[in-house]
Structures are given as structure tokens and as C-alpha cells.
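Since this is a predicted model, take the numbers as computed values, not measurements. Note on naming: letters A, B, ... go to the chains in the order of the sequence lines (proteins, then strands), and numbering restarts at 1 for each one.
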Amino acid sequence: MDQLRAYKALLRKFGKQGWWPAKSRFEVVAGAILTQNTNWRNVEKAIGNLRKARMLNAGKIARAGKRKIEELIRPSGFYRQKAGRLKDVARWFVSADKNRDTGELREELLSIKGVGMETADSILLYALGRPVFVIDAYTKRMCGRHGIRRTGYEGYRAFFEKNLPKEVELYKEFHALIVELGKRYCRKKPVCEGCPLRALLFSSYPLKHVIQH
DNA sequence: AGCCAGGACTGAG
DNA sequence: CTCAGTCATGGC
């Protein structure tokens with residue numbers, strides 16, 4: 001399919017990313033909270049602390065004292081906020097029926113304070129295996145630099161979901177690859193200077209037909 | 001020495 | 001809806 005050219009180009013350039021490295025679904029959920037505006041390395045430390053303390057478990061976190069959680073996740077930053085959010089999400093994870101409609105689960109996740117759209121979608125895609133395309137700052141930045149403009153998070157999500165095959169594995173890898181590309185070349189700068197894929201993406205972006213109006 | 005990371009919330013224009 | 005301030009640690 002011609003629409004997957006940019007994806008394939010990224011895959012060829014960076015290889016399979018294999019997101020999300022975790023031993024359980026809840027580990028993905030915890031990571032989704034801890035990684036909010038935080039370097040993934042710091043998240044790994046926090047998760048490592050939880051694991052060593054044998055606290056990497058929804059029931060235990062939901063039940064644990066907030067102060068104890070704060071100590072364990074301190075390396076991930078914003079630890080006071082995140083401790084509370086982590087407990088709330090853990091409580092949800094324990095009692096929620098995950099065999100339900102994706103939209104219903106999404107609304108429920110969004111109703112939790114501290115869970116925004118990107119975090120909710122990351123949980124849906126990487127922990128629950130639902131076909132939801134995750135949008136982040138890199139994705140918007142990349143789109144903007146290639147003439148694709150939409151309003152709000154949902155605008156960009158609809159754009160990707162309507163123009164890509166509805167495949168979970170594709171969504172997982174594509175998002176991870178966009179992040180990888182962004183980390184290297186599309187940080188908070190006006191343009192992607194030095195990006196080896198710039199010309200390629202500009203001329204063969206998978207959703208090219210949408211760009212033209 | 002800063003800058004910023006796999007955000008979300010609140011309040012303001 | 002967009003923007004700025006806030007939350008906080010650690011790597012490069």
C-alpha cells in the first residue's frame with residue numbers, strides 16, 4: 001500500500017522499536033503515567049524501584065500509602081502528583097472490566113484526573129491492544145512541518161486512523177518510530193535540521209492526497 | 001550550565 | 001482554542 005511508504009521508510013531507517021517493553025499490562029499502565037513529560041530513562045528507574053519493592057502490581061499500589069509510592073517513583077519527577085494519579089489508575093485497573101467497547105473504556109480513562117488523551121490512548125493501544133493511534137507533540141510537529149494541519153488532538157488522531165489500515169501492530173510501531181525520529185531531529189526547533197528523512201517524508205508522505213487541499 | 005523529556009491541569013485572554 | 005505557569009528529577 002502506498003500509504004505506508006513513510007512508515008516503511010522509518011522502519012527501514014530505525015528498525016523495529018518493539019514498544020512497549022513490559023512484563024505485564026499494568027506495567028504499561030504505570031509507565032504511561034510515569035512517562036508524562038519525563039525522560040524514559042528516569043521512568044525505568046522508577047519502575048525498577050517499584051519492581052524491587054514488589055509493588056509493580058495494581059492491587060498493591062491501590063492499597064499502598066501515598067508516601068511510600070512517592071519515594072519509589074521519585075526519579076520520574078512530579079512524584080507527588082504522579083503518586084496520586086498512579087493510585088487512581090491502579091484502582092481503576094483492579095476493578096474495571098476490560099472486555100468492553102473501546103470508546104467506553106476511553107471515556108472512563110479520561111474521567112480519571114491526570115489521564116489526558118495521550119495517556120489514555122497509550123494505555124488503550126499498548127496495554128489493552130486496541131486500535132487507537134497515539135498522538136504526541138512529535139506527531140503534531142512532524143505533521144505541521146509537512147503541511148498537515150488539524151485542530152486539536154482529535155483532529156490529528158482522526159487523520160491517522162482514517163488513512164491507515166486499522167491494525168494494532170502498525171499503530172504501535174508507527175507511533176514509536178515517530179517518537180524515535182522526533183527525539184533525534186524534531187525537538188523544540190523551528191525545523192527538522194539535519195533530518196535525513198526530511199526530503200523523503202515531504203515527497204512521499206503516506207497521506208499525501210490529504211495534504212493537497 | 002542549562003535545556004528538556006514518550007503531559008495534564010488550571011486559569012487567562 | 002491557544003497560551004503560560006505549575007509540577008520535579010536526572011541525563012547529556
Under the criteria of a ring-centre distance below 5.5 Å and an interplanar angle below 30°, is A:W40 stacked with the base of B:dG6? yes

Round to a whole Å and report the spacing from [atom1] of [X] to [atom2] of [N].
X      : N     : atom1 : atom2 : result
A:F174 : B:dG6 : CZ    : C1'   : 16 Å
A:R184 : B:dA5 : CZ    : C1'   : 16 Å
A:K140 : B:dG6 : NZ    : C1'   : 14 Å
A:N42  : B:dG7 : CG    : C1'   : 15 Å
A:M142 : B:dG6 : CE    : P     : 16 Å
A:I123 : B:dG6 : CD1   : P     : 17 Å
A:E71  : C:dA8 : CD    : P     : 15 Å
A:K82  : B:dG6 : NZ    : C1'   : 11 Å

[M] and [N], which share atom name [atom1], separated by this distance in whole Å:
N     : M     : atom1 : value
B:dC4 : C:dA4 : P     : 14 Å
B:dG6 : C:dG5 : P     : 23 Å
B:dG2 : C:dA8 : P     : 23 Å

Of A:V43, A:T119, A:I47, the residue whose pairing with A:T35 passes side chain to side chain contact (heavy atoms under 4.5 Å, CB included): A:V43

Minimum-distance nucleotide to A:R74 side chain [options: B:dG6, C:dT9, B:dG7]: C:dT9

Output the single nucleotide from B:dA8, B:dG6, C:dG10 whose closest atom is nearest the side chain of A:K45. C:dG10

Select base, sugar-phosphate, or nothing to describe what A:S76 touches, counting heavy atoms under 4.0 Å on all strands. nothing

In terms of heavy-atom contacts, A:A46 and A:I73 come closest through CB-CA, 3.8 Å

Does A:K68, at its NZ atom, have more than 12 non-hydrogen atoms belonging to other residues, nucleotides or ligands within less than 6.0 Å? no

Residue A:R149 excluded, over 12 heavy atoms near CZ under 6.0 Å: no

Is any side-chain nitrogen or oxygen of A:T38 closer than 4.0 Å to OP1 or OP2 of C:dG10? no

Can you tell whether the side chains of A:K98 and A:E104 come within less than 4.0 Å, N to carboxylate O? no

Please find out if less than 6.0 Å separates the ring center of A:W40 from that of A:W20. yes

Table of protein N/O atoms under 3.5 Å from nucleotides 9-13 of chain B N/O atoms:
from: B:dC9; atom 1: OP1; to: A:G114; atom 2: N; distance (Å): 2.9

For A:R130, which residues count as a side-chain hydrogen bond (donor to acceptor under 3.5 Å, both in side chains) partner, sequence neighbours excluded? A:T102

Suppose we screen for side-chain hydrogen bond (donor to acceptor under 3.5 Å, both in side chains). Which residues come up paired with A:R51, at least two apart in sequence or across chains? A:E27

Under 3.5 Å, which N/O atoms of the protein pair with N/O atoms of nucleotides 4-7 of chain C?
from: C:dC7; atom 1: O4'; to: A:Q81; atom 2: NE2; distance (Å): 3.3
from: C:dC7; atom 1: O2; to: A:Q81; atom 2: NE2; distance (Å): 3.4

Yes or no on salt bridge (Lys or Arg N to Asp or Glu O under 4.0 Å) for A:R85 and A:D88, after CA distance, side-chain angles and deciding distance? CA-CA 5 Å; A:R85 295 176 178 182; A:D88 288 343; over 6 Å; no

Is there a path of hydrophobic side-chain contacts, each under 4.5 Å between heavy atoms, that joins A:M117 and A:I112? yes

Specify the residues of residues 21-30 of chain A, ordered by number, for which at least one heavy atom lies under 4.0 angstrom from an atom of DNA chain B. none

Drop me the distance from A:W19's CH2 to A:K172's NZ, to the nearest 0.5 angstrom. 12.5 Å

Sequence neighbours excluded - ring-ring contact (aromatic ring centres under 6.0 Å, His included) pairs with any residue from residues 81-119 of chain A: A:F26-A:F93

